[in-house]
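The structure appears right after this line, and notes come after that.
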Protein chains: 2
Amino acid sequence: MSKPTIYSIAQRCGVSAATVSRAFNRPELVSEPVRKQIMAAARELGYQPSSAARGLVTGRAETIGLIVSDITNPFFPLLVRAVQRTAERMGSALMLVDAEESAAAEVAHVARLRSRVDGVIVASPRSSSAALREAARGLPCVLLNRPLRDLSSVICDNTSALFDAGEHLYKHGHRSFALLAGPSASWAAARRSQAIRRWARGRGVELTELGPFRATFKGGRQAGAALLETAATGAFAFDDLTACGVLAELAGRGVAVPGERSVVGCDDVLLAKTVTPSLTTVTAPMDDLGETAVQVLTRQIEAPGGAPEHVRLPGVFVARDSTGPRSGS
Amino acid sequence: MSKPTIYSIAQRCGVSAATVSRAFNRPELVSEPVRKQIMAAARELGYQPSSAARGLVTGRAETIGLIVSDITNPFFPLLVRAVQRTAERMGSALMLVDAEESAAAEVAHVARLRSRVDGVIVASPRSSSAALREAARGLPCVLLNRPLRDLSSVICDNTSALFDAGEHLYKHGHRSFALLAGPSASWAAARRSQAIRRWARGRGVELTELGPFRATFKGGRQAGAALLETAATGAFAFDDLTACGVLAELAGRGVAVPGERSVVGCDDVLLAKTVTPSLTTVTAPMDDLGETAVQVLTRQIEAPGGAPEHVRLPGVFVARDSTGPRSGS
DNA sequence: TCGGGGAATGAAAGCGATTGCATGGATTCT
DNA sequence: AGAATCCATGCAATCGCTTTCATTCCCCGA
């Protein structure tokens, strides 16, 4: 026999389909004995409501989409987990797609998801503002780590944490710094660079800007090599992955960290605690970011056409072993 | 005005809804001019077919589910990417859930996904065979890295690659080995341990078994500490994450790798190339695994009730910097 | 005793697509 | 020229569920 429906159950219990539906969605409208009987029959038949049918009439897919620019970047798994967990708590499933670094794929995916989800979260979008705006037209959408006036956004602001990082190095005697810039298309990269520049200027210390480098391990090695061309003893890497590359490059060349150079990363991915030396970095509040994004999205879904929301969550500086006193020279 | 449907388009073009539907699904049945007109109107109105409605009548969700035991384990991102990519190529979307290490969550998620997907892939399941069998009853399902007679499975078999790893160490003069076992609930762990035992016995070398350890960085550090209690110069870690922990612990205690001890990991996660020293390990054919899993699943979906398939893909040994000649003693 | 009100249930109308069958006009064959 | 074909299209049923409105029945107050 085929898949059980509310009708199978209705028939079996001698009630109408409407009652079965109510037993599930508005149990208080159904008398106790009938409800119990229905539930029993449902369990027995292994009934599962068809979400397609429900979605068709309610107009809700109970699903949200998450587009990440590159799932292999260690930044994302924690985010994915937070988003999925929150979505589930709100009764929604998560549809995930990986844009594999391509801006075009990003907007194509938004289009593809349109008909299957109630809304989408785009994490670290690479696309142009115009493309994003266009792609999200008429679809609840929140951007992660990319502000845009007409779309909701949740961003992690590391500005003040990076100031702290600077101060931390300064206190350790460092006076000459290098900024290893991240990809120019990344809003986060621009913002971080800006924060560090501002700090350096305010502090009146020397800052050499290098890059941009790709946000990969390899990019980090290149950055490490470039760093060694300078006399800077304190280096700000764009993110942890880059920082790890730097560390590897320095280690490979026999340069001691933090003995000879101090390196700070950003994001505090799992990797950061794992490498040797463990990375001094800026912790992004992943769980909060993911949770907030889902909540904002949910609000957008429930009140379509509402004003976009913009949430800013600060990162926090955390000192570990990749930074230390400036070597006596 | 509300969301466009085939009726809006039909009306606008002076044709029936059926024709519009055909224009999309069976274009060869619609005359050229009409088809063009419909397409134009669709584009203009920003029409997107409702997948709920289509799903209701076709009985297909065009979606597959992927349940991973722990998305933060670096093993998974590559797999997720491969699965998503393949699913997309087959016209399906990917619904992802993270069981967060819980066996109970695993089966609960299968149940929850039932009504929204055409089938599910369960990666590295932690649940008991009986629970899995029960959860997958009547739902196309393929297991990844866990064989089970009545369910399809795709597994990565590292047995022969681990033999290679052993030989590699042996050639480098190692004669005393440690096996740092992984979680006892993991089929992969059991299988790997078995392979190594077999090799050691065959080779007639000494093998000390330690563990089980959790498959985390911390677990690896413990394993590292345990390793140092022994005289073994060659260590087989359960996986790369564990191996990284071992490396960190040894580094922390000033033990040189590969100078004093050689360590081999397993899986070849991104991490493996990243750490210092880079990890000698066994590469799992991630892309193949993901792709094959989706293909097998698709077959199951198309021919429900067909016999389960079992695919076995071999890992391949790769030597890097965490192994080397046994220190002269 | 009778009417009003509330609780439990049923009937039926969609939701937006797909699809088998029917139809009508143009084309082709004899 | 009349019949047989075929192509493009329309009609209408259907998928499984939710939800409005109506109905029935029972209890209570006057």
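Just so we're on the same page: letters track the sequence lines, and every chain starts at 1. Since this is a predicted model, take the numbers as computed values, not measurements.
- Phosphate contact (OP1/OP2 of C/dG10, side-chain N/O of A/Ser16, threshold under 4.0 Å): present.
- Note on A/Arg12 versus A/Glu44: salt bridge recorded, some NZ/NE/NH1/NH2 to OD/OE distance being below 4.0 Å.
- In this entry the distance linking NZ of B/Lys3 with P of C/dG16 reads 10 Å, nearest Å.
- Atom CD1 in A/Ile6 sits roughly 12 Å away from atom P in D/dC15 (whole-Å rounding).
- Across all strands, B/Thr19 comes closer than 4.0 Å only to sugar-phosphate atoms, never to a base (heavy-atom distances).
- The nearest whole Å value for the distance from the CG atom in B/Leu45 to the C1' atom in C/dG16 is 15 Å.
- For B/Tyr7 and C/dG14, the shortest distance from a side-chain N or O to OP1 or OP2 is not below 4.0 Å.
- A/Val20 comes within 4.0 angstrom of nothing in the nucleic acid, heavy atoms only.
- Using a 4.0 Å cut-off between charged nitrogen and carboxylate oxygen, B/Asp157 and B/Arg191 count as a salt-bridge pair.
- For the helix from C/dT1-D/dA30 to C/dT30-D/dA1, the terminal axes (five pairs an end, C1' atoms, rotation from four pairs onto the next four) enclose an angle of 50°, given to 10 degrees.
- You'll find that the side chain of B/Leu56 is closest to D/dC15, out of C/dT18, D/dC15, D/dC11.
- Not counting sequence neighbours, the partners of A/Glu309 by the side-chain hydrogen bond (donor to acceptor under 3.5 Å, both in side chains) test are A/Arg299.
- Residue contacts shown for B/Phe24 are absent, as no nucleic acid heavy atom lies under 4.0 Å away.
- For A/Glu291 and A/Arg89, the salt-bridge test passes: some basic side-chain N is under 4.0 Å from an acidic carboxylate O.
- Side-chain proximity of B/Ser21 to the nucleotides C/dT18, D/dT9, D/dT20 is greatest for C/dT18.
- Closest to the side chain of B/Val30, out of D/dA12, D/dT9, D/dG16, is D/dT9.
- At the phosphate of D/dC17, neither OP1 nor OP2 sits under 4.0 Å from any side-chain N or O atom of A/Asn25.
- Considering only the side chain of B/Arg22, D/dC11 comes nearest among D/dC11, D/dT19, C/dT18.
- Sorted by first then second residue, the ring-ring contact (aromatic ring centres under 6.0 Å, His included) pairs that include residues 14-39 of chain B, not counting sequence neighbours, are B/Phe24-B/Tyr47.
- Checking B/Val15 against B/Val57, the closest nucleotide of DNA chain D that is more toward the 5' end is the one next to B/Val15.
- At least one side-chain nitrogen or oxygen of B/Ser31 sits closer than 4.0 Å to the OP1 or OP2 atom of D/dT9.
- A/Arg26 places its CZ atom 13 Å from the P atom of C/dA7, with the value rounded to the nearest Å.
- Residue A/Arg60 contributes atom CZ, which lies 14 Å from atom P of C/dG16 at whole-angstrom precision.
- The interatomic distance linking A/Ile38 (CD1) with D/dT18 (P) rounds to 12 Å, in whole Å.
- Candidate nucleotides C/dT19, D/dT18, C/dG16 were compared by shortest atom distance to the side chain of B/Ser50, and C/dG16 ranks first.
- Between the side chains of A/Arg116 and B/Thr63, at least one donor N or O lies within less than 3.5 Å of an accepting N or O.
- Atom CZ of A/Arg116 is separated from atom C1' of C/dA17 by 14 Å (rounded to the nearest Å).
- A salt bridge links A/Glu101 to A/Arg126: at least one charged side-chain nitrogen sits closer than 4.0 Å to a carboxylate oxygen.
- Rounded to a whole Å, the CD atom of B/Glu28 is 12 Å from the P atom of C/dT19.
- Proximity of B/Arg112 to A/Glu88: side-chain heavy atoms (C-beta onward) are separated by under 4.5 Å at one or more points.
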